[in-house]
Amino acid sequence: MRLTVGDLRPGAVLAAPAIGPGGRQLAPVGTTLTAQHLIVLKAWGLTDVEVAGDRAIMDQQALIAAQRVAAARFRGQPTNHPAVRVLFTAAVARQLRGGG
Amino acid sequence: MSAHTLDSLLDGAGELSSLPDSWQRIDVVISRPAANTAQIAEAIASDPALSLRLLRMANSPMFGLSQRVERLSQAVHLIGTRQLRELALAASIIDMLAGSGRRERVVAFLRHSTATALFARALASRRREPNVERVFVAGLLHDLGGFVIEQADPNLAAANLATAMAQGKPLEQVEHNALGFDHATLGGALIERWKLPLSLSEPVAYHHQPAAAQTHRIEAALVHIAAIAVDLLGFSGEGPVCTPLDTKAWELSGIDPGELPAVASDMDAALAPMIEILAGDAA
């Protein structure tokens, strides 16, 4: 599946090497992309890459990654409190939008 | 235990130990019960940087006014004298902090503080509090004590932060161990020295334990909730583990959890412009 770099989320796995301008390989096939990879791909001006899986799996992976980042901030909170639950959902949504 | 005491930090606060003269001159006029719009506008206009900042605040998404505010007299009319006084106070204090601290430190302070101020103000509006701008100022100043510790002893502030991060503890716990008091108590005490009302010093002093406030528990609860919510939502960047939400403070606030997503999404539009306005040259 071909995805634009803007749509990529950490956790996506490259199904083909990410090749930058001049043929330089930025990441080999099979790389699990991190936030740092995404910055590098953008910095090299790549517009799109080939990633494994379909969109549903991608979305699922992005959701899990966003939940993980948000959960780290919620350490020590009374997680069963209704306000904290609402804040967690909102925090995951912000993270998915790239706002966190 | 460090050599600093609450009094030694207050006594050593230097230029932060009293409010700026420019503010005192404006406050004399604004606080006069018989002052009319023109006199208030004229008093604020004597400080051109402050005037510009107030006009930008009036035109920011925080107010969502349908018409553009071009003149101070119009701002007095549309926003109200009392509210404008609070905003002028906020802007004067931020100016003073910007003049005394390192630029990166001021910007970092403003990021969490402005988010907290806007969030607390939004909660106060939903409660139909009579003076939402005072809650805004309390939110803006809630970590003032942290700024003072950093100014007085940057190494201690950095060590406290590192310990909090390493041990997974909220910063105020680590400060308590190192100093015997935390940034909330220090900030509240400084605001008392500035002779500002309890409705500002208490929400700052008790933003970690709102129920302990004597007279302004609700405002303290709103600042408490706001400071935590903006951290949890990721508006403040990464830092030490956040203070746990005090469920009694939540009850005290009377806020419906269902209102939080709307408050959070308003923040997306309002936060960046307000930081820019407040930070001014520091941004």
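When reading the values below, keep in mind they use all heavy atoms of this one structure, side chains included, and skip hydrogens, waters and symmetry mates. The sequence lines fix the lettering, A, B, ..., with proteins before strands; numbering per chain opens at 1.
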Visitor: Judged by atom type as modelled, is there a donor-acceptor pair below 3.5 Å linking the side chain of A:Gln77 to the main-chain atoms of B:Thr243?
Guide: yes

Visitor: Around atom CZ of A:Arg2, are there more than 12 heavy atoms from other residues, nucleotides or ligands closer than 6.0 Å?
Guide: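 Enclosed: over 12 neighbouring heavy atoms sit under 6.0 Å from CZ of A:Arg2.
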
Visitor: More than 12 foreign heavy atoms under 6.0 Å from CD of A:Gln25: is that the case here?
Guide: yes

Visitor: Relative to chain A, which segment of B:Ile225 carries a heavy atom at a distance below 4.5 Å: side chain, backbone, both, or neither?
Guide: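 No part of B:Ile225 comes within 4.5 Å of chain A.
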
Visitor: Between B:Ser265 and chain A, with a heavy-atom cut-off of 4.5 Å, which part of the residue counts as in contact: side chain, backbone, both or neither?
Guide: neither

Visitor: Over all heavy atoms of both residues, which pair between A:Arg73 and B:Asp231 is shortest? Give the atoms and the distance, please.
Guide: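 The answer is CD-O, 3.2 Å.
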
Visitor: Taking C-beta and beyond as the side chain, do A:Arg85 and B:Pro257 meet within less than 4.5 Å on heavy atoms?
Guide: no

Visitor: About how many Å separate CZ of A:Phe88 and CG of B:Leu260, when rounded to the nearest 0.5 Å?
Guide: 15.0 Å

Visitor: First locate atom CG of A:Leu87, then atom CG of B:Leu245, and finally report the distance between them rounded to the nearest 0.5 Å.
Guide: 8.0 Å

Visitor: Minimum heavy-atom separation for B:Leu233 and A:Ala91, please, with both atom names.
Guide: CD2-N, 3.6 Å

Visitor: Side chain, backbone, both or neither: which part of A:Pro82 has a heavy atom under 4.5 Å from chain B?
Guide: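 Backbone plus side chain of A:Pro82, per the 4.5 Å heavy-atom cut-off to chain B.
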
